[in-house]
Amino acid sequence: MFQTLRVKLFASYLLVILVCLILVGALGILGLRQYEQEAVLAHGRADALWLARTLTGLPEADINTPQLLLERLRHELLALEGSLLVVDASGMILAGTSQAMASAEHIPLPSSAAFEASAAAVPWQRWRYATGERFYLLYIRLQHASPAAQTAYLVLAIPAADALRPWREWLPPLLAIGGLALAVSLLVSYLISRSIVHPLEAMTGAVMEMAAGHYYHDIRVRSRDEIGRLAAAFNRMSHEVARAQRTQRDLLVNISHDLQTPLTSIRGFSQAIVEGKIRDPETLRAAQQIIYEEASRMVRLVRDLLDLARLEAGQVQMARVPVDMARLLQATADKFRPQASAAEITLQVTAPQTLPQIVGDAERLELALGNLLDNALKYTLRGGYVNLSGMVVAADKLAGVLATGVDIPAIASDGRWLVISVTDTGVGIPPEDLAHIFERFYRGDKARADKEGVGLGLSIAREIFQAHGGEIVVNSQVGKGSCFSILLPVPVHMH
Ligand code: ADP
């Protein structure tokens with residue numbers, strides 16, 4: 001029964017309302033009782049004092065005879081509320097104006113201390129008669145009683161109001177208020193539970209669908225509370241899972257495609273050689289060259305793939321030794337000089353000899369930097385320029401160094417950073433490609449059409465820089481060129 005949130009909410013409201021009603025009822029009844037007592041006593045005391053004054057005018061013989069005493073007081077009784085009893089020193093009733101009361105034999109007496117304490121006032125106490133009726137008893141000591149006399153007290157017995165009366169008066173309005181509160185809480189719990197239950201049910205459904213293989217979901221929740229944030233987080237997760245799933249699929253397609261092309265050509269040429277179809281030694285040499293190049297391409301692809309997979313899985317054990325970055329920049333650039341001069345591109349290095357050392361893996365840093373240089377040379381036209389620069393910049397000065405429009409990575413919020421930039425005057429990268437070039441196998445349309453490559457170079461480079469606590473950012477304009485900037489943290493103790 002308490003399985004649903006809606007019922008639980010309503011039950012808790014119900015409980016709170018009931019507790020409130022009972023509290024209000026109890027407090028009300030207590031208050032009424034108090035009020036009744038004060039009213040009865042105020043009245044009763046005045047009556048008792050008046051009776052006491054009347055007694056002083058009576059002859060002693062009248063006072064000592066209970067029946068006679070009541071007889072004398074009879075005409076006063078008309079003005080009194082309640083009845084009169086005459087009791088002896090032990091509380092035994094000797095006479096009474098009310099038949100019913102007189103048939104009781106005994107009433108409790110206040111302690112004599114109560115009489116001492118309230119000389120001016122009148123001692124009183126509450127008493128419940130055998131029939132369940134409640135009385136306030138006010139005691140007047142018979143001053144003139146002779147030692148031999150039996151009579152001791154004149155008692156004014158005022159009936160208390162019906163104990164259940166306050167209840168009966170309070171109950172209907174209390175119930176009405178309770179009913180109203182219940183109706184409101186029913187509405188509120190319905191509204192609240194709807195805003196909670198709806199999205200939760202939607203999410204449960206979506207999770208079931210995810211388990212069945214449908215990963216993309218967009219649960220619409222307007223609220224900004226915890227449920228809203230949960231739904232937003234869920235949506236993000238579902239998009240991420242869907243994206244990962246898509247990437248996985250694309251990856252398979254890409255790998256098979258990139259392997260198939262060289263394999264087909266290798267098979268074609270080798271088949272021709274095996275079947276002796278190529279006689280001309282010149283053509284034979286060309287065919288062998290192609291087979292060699294295609295096989296090398298496959299080896300490169302498989303090596304890159306493996307590298308990337310290991311980097312992403314965090315399985316690569318990066319060396320952690322001081323690396324002289326000035327030397328590393330020069331060495332990397334030198335490796336690409338033949339490629340640069342073949343393409344008639346001017347390759348320059350502008351970095352001070354005093355660049356700080358970085359703790360890391362020299363070989364992998366060189367590989368990553370090489371990928372950037374390779375791209376710069378690949379996507380720059382004849383006669384262009386490629387520049388490799390390095391400098392140390394404080395975090396708060398990065399904005400002035402990085403190209404405009406580049407977001408400063410969140411990691412570079414303080415400290416000092418080595419900024420290495422590879423700038424080219426090449427074809428540039430269209431804005432729609434910029435966001436994706438670091439993805440595995442992503443290649444620009446132009447690159448796909450006429451440049452060698454598989455689209456893994458930048459992914460690998462980024463993994464390596466990130467593994468060094470760094471980041472890579474890019475700024476590019478179509479037709480003008482690109483600038484890839486790497487940020488690497490400068491260790492505090494090395495300058
Ligand atoms: P690949 O160069 O093998 O295609 P990369 O991961 O190195 O793969 O680069 C991804 C894509 O980014 C390239 O296909 C190209 O479109 C673009 N790109 C990378 N570097 C440059 C550059 N310097 N100039 C223009 N485009 C670039």
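Just so you know, residue 1 is the first one in the sequence shown, and it goes up from there. Counting convention: from 1, in listed order, for ligands and their atoms alike. Computed over heavy atoms, backbone and side chain alike; hydrogens, waters and symmetry mates excluded.
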- CZ on Arg300 to CG on Asp258, rounded to 0.5 Å: 11.5 Å
- Task: Spell out, as yes or no, whether a donor-acceptor pair under 3.5 Å connects the side chain of Ser459 to the backbone of Phe438.
- Result: yes
- For ligand 1, is there an N or O atom under 3.5 Å from any N or O atom of Val427? no
- Query: Does Asp433 reach ligand 1, in the sense of a heavy atom lying below 4.0 Å from it?
  - Reply: no
- Message: I want to know if ligand 1 touches Ile429 in the polar sense, i.e. an N/O pair below 3.5 angstrom.
- Response: no
- Query: So is Phe484 polar-close to ligand 1, meaning N/O to N/O under 3.5 Å?
  - Reply: no
- Counting each atom of ligand 1 from 1 as listed, which ones have a heavy atom of Ala376 under 4.0 Å away? 23 (N)
- Task: Report the C-alpha separation of Ile464 and His468 in whole Å, then their side-chain angles, then the decisive distance to 0.1 Å, and conclude whether the side-chain contact (heavy atoms from CB on, under 4.5 Å) test is met.
- Result: CA-CA 7 Å; Ile464 290 175; His468 281 82; 4.0 Å; yes
- Message: Could you tell me, atom by atom, which parts of ligand 1 come under 4.0 Å of a heavy atom of Leu456?
- Response: 6 (O), 8 (O)
- Query: Non-hydrogen atoms of Phe438 versus ligand 1: any pair closer than 4.0 Å?
  - Reply: no
- Task: Could you name the option among Gly455, Pro430, Gly428, Ser459 that has the heavy atom nearest to atom 8 (O) of ligand 1?
- Result: Gly455
- Task: Tell me, please, which residues at least two apart from Glu240 pass salt bridge (Lys or Arg N to Asp or Glu O under 4.0 Å).
- Result: Arg243
- Task: List every atom of ligand 1 that sits less than 4.0 Å from any heavy atom of Ser482, numbering the atoms from 1 in the order shown and giving each element.
- Result: 22 (C), 24 (N), 25 (C)
- Item | Ligand-residue contact atoms, ligand 1 with Gly457, heavy atoms, under 4.0 Å | 5 (P), 6 (O), 7 (O)
- Message: If we only consider heavy atoms of Gly426, is any one of them less than 4.0 Å away from an atom in ligand 1?
- Response: no
- From the options Asn375, Leu301, Val422, Leu372, select the one whose nearest heavy atom is closest to atom 7 (O) of ligand 1. Asn375
- Message: Does Arg303, at its CZ atom, have more than 12 non-hydrogen atoms belonging to other residues, nucleotides or ligands within less than 6.0 Å?
- Response: yes
- Of all the atoms in ligand 1, which lie at a distance below 4.0 Å from a heavy atom belonging to Leu458? 5 (P), 6 (O), 7 (O), 9 (O), 10 (C), 12 (O), 19 (C)
- Task: Please check if the side chain of Ser270 supplies one atom and the backbone of Arg267 the other of a donor-acceptor pair under 3.5 Å.
- Result: yes
- Task: Pull out every atom of ligand 1 sitting under 4.0 Å from any heavy atom of Lys378, numbered as shown with elements.
- Result: 1 (P), 2 (O), 3 (O)
- Would you say His239 has more than 12 foreign heavy atoms packed within less than 6.0 Å of its NE2? yes
- Query: Does ligand 1 have any atom sitting under 4.0 Å from a heavy atom of Val454?
  - Reply: yes
- Query: Is the shortest distance from a Lys or Arg side-chain nitrogen in Arg33 or Glu36 to a carboxylate oxygen in the other one below 4.0 Å?
  - Reply: no
- Message: When you measure from the side chain of Thr283 to the backbone of Arg279, do you find a donor-acceptor pair of N or O atoms at a distance under 3.5 Å?
- Response: no
- Query: Please walk me through it: do Glu282 and Arg285 pass salt bridge (Lys or Arg N to Asp or Glu O under 4.0 Å)?
  - Reply: CA-CA 5 Å; Glu282 196 63 16; Arg285 242 189 55 76; 5.3 Å; no
- Task: Would you mind running through ligand 1 and noting each atom that sits below 4.0 Å from a heavy atom of Tyr442?
- Result: 10 (C), 11 (C)
